[in-house]
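Working notes, beginning with the structure itself.
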Protein chains: 2
Amino acid sequence: MSKDTGTPARLDPDKIVTSALRIADAEGLGAITIRRLAQEHGVTPMALYRYFRDKDDLLAALAERLLADVHLPEPSDDPWDRQLRALLAACLAAVRPHPAVAGLIPTRVLLSEAGLMLVERTLALLAEAGFPPDQATEVGSQALCSLVTLVTTEPGVAESTDPDTRDDAIRAKRAALHSLAPKRYPHVLAAADALTLCADRESYYELGVEFAVAGVRGLRPQSRTAH
Amino acid sequence: MSKDTGTPARLDPDKIVTSALRIADAEGLGAITIRRLAQEHGVTPMALYRYFRDKDDLLAALAERLLADVHLPEPSDDPWDRQLRALLAACLAAVRPHPAVAGLIPTRVLLSEAGLMLVERTLALLAEAGFPPDQATEVGSQALCSLVTLVTTEPGVAESTDPDTRDDAIRAKRAALHSLAPKRYPHVLAAADALTLCADRESYYELGVEFAVAGVRGLRPQSRTAH
DNA sequence: ACCTGAACACCGTTCAAGT
DNA sequence: ACCTGAACACCGTTCAAGT
């Protein structure tokens, strides 16, 4: 045996990211701490700096993990908008389980292989759709960002991570809306429930994806080209 | 004279929010600190707690300030999509000067009078457009959030607040993209400049607003109704 | 009512050592 | 190469007083 058994495994950056993701899922982004991660891995805080330049670097690694979880659909002969929908759905599937971390993604897509490939595919589809490069860049970014927004602003999700606190927060918010002046805020009152909790999460996300696809379709230069 | 002149003015929460906004604009959201705000107002940190429950409450007040700066256009006889465009443009105008603070808004719109009125108007327009209440709620939220995303992810803005550091960051990011494998990332390479810095900020924001309007229009139930 | 002072329980990070 | 230990310069917030 060339190695001692029972030797504490060498610090693994992937495992640190996994811990960080678990912490964020359970207690929010603010619960991620260099010191806490170090403690959970039986090591001094400074040990983490061998693998991450600073805390922001660690958060970037978190975003990268989510992006790496995207299973990009293979390019096909489907019309561009069908392919775009599938692409966005794939991103959404990777991001949905981690609402606390989702917001880290938009500013960090270009920092990881997975993110770059995601952008590459998106731009390719939009070029196929007839967008000039600059417009494709912006429209593609907006479409991808809208998925993150969908997750981070899903009614009832941002409230809190603890289920009990969450229910209380939702009830309180709902009560506040219901107590508004009906003359001044008729539509808000009518939408009080929908604004505070998602009635049907699946159709919420389906509609959200369609919103992005429709935005792209509506901006397409030659809208008469057969698809 | 019933008052001493030169008496330090009583602590004014509005002035504290103003200071916080200035700090965030100049140095980012992370530079906002209870202790620093207290110092700038010649007071003990604990003095601020008389006006803000905690730091999150102060951040909510920041978001409220931005929302209060929105000059809602008067309802008119214009078609709903024209009015929606004007509404979104008004929001954008209020948010654009404060990219570091913009991200606070989405989860806090329903906590302020200004935000509630904004949502009320949006829902009214979408009802006019034929959306059922639940869809209007989601689609309206998405449209408003997309403006925030536009500001917080404007290429070249998120990099840094200091102009020199910012230019360096942009150059570095651009160089990184230009060094990618052309076979693997042809579209990303072609879009390297557009991805790192906005060539024309005005058309960037115009296109962004159109994206949101197009998303809404594309999801409208009875799309054949005359507008 | 409005503000102070001291203290508590944390942070991220630098620097110099250890092995 | 990989990790430790001590220290620095911060945080937000509680609690008990002051006037």
Are more than 12 heavy atoms, taken from residues, nucleotides or ligands other than A:Gln39, located less than 6.0 Å from that residue's CD atom? no

Could you check how far CG of B:Asp56 sits from P of D:dG12, rounded to whole Å? 12 Å

Matching residue for B:His41 among B:Asp12, B:Ile16, B:Leu48 - test: side chain to side chain contact (heavy atoms under 4.5 Å, CB included): B:Ile16

Between C:dT14 (P) and A:Arg50 (CZ): distance, integer Å: 13 Å

Smallest heavy-atom separation, A:Val216 atom then A:Val139 atom, equals CG2-CG1, 3.5 Å

Atom CG in A:Leu88, atom CG in A:Leu92: separation rounded to 0.5 Å? 8.5 Å

Rounded off to whole Å, could you give me the CZ-to-C1' distance for the A:Arg10 and D:dA1 pair? 8 Å

Take the protein atom CZ of B:Arg35 and the nucleotide atom P of C:dA6, then report the distance between them rounded to whole Å. 13 Å

Could you tell me whether B:Phe52 contacts a base, only the sugar-phosphate backbone, or nothing, with contacts defined as non-hydrogen atoms closer than 4.0 Å? nothing

Between C:dG12 (P) and A:Asp54 (CG): distance, integer Å: 11 Å

Just how far, in rounded Å, is P of C:dC3 from CD of B:Gln39? 17 Å

Taking OP1 and OP2 of C:dT14, is either one under 4.0 Å from a side-chain nitrogen or oxygen of A:Tyr49? no

Can you tell me the base-pairing partner of D:dA6? Count Watson-Crick or G-U wobble geometry only, both distances below 3.5 Å, and say none if there is no partner. C:dT14

Quick check on DNA chain D: between A:Gly42 and B:Met46, whose nearest nucleotide comes earlier from the 5' end? A:Gly42

Distance check needed: C:dC10 P versus B:Lys55 NZ, whole Å only. 18 Å

Could you pull out the closest heavy-atom pair between A:Thr153 and A:Thr149, with the gap in Å? OG1-O, 2.7 Å

What is the distance from CG of B:Leu59 to P of D:dG12, rounded to the nearest Å? 10 Å

If you pin A:Arg53 and B:Pro45 to their nearest nucleotides in DNA chain C, which one's is more 5'? B:Pro45

Between C:dG12, C:dT4, D:dT4, which one does the side chain of A:Thr33 approach most closely? C:dG12

Using both distances under 3.5 Å as the test, list the Watson-Crick or G-U wobble partner of D:dA1, or none. C:dT19

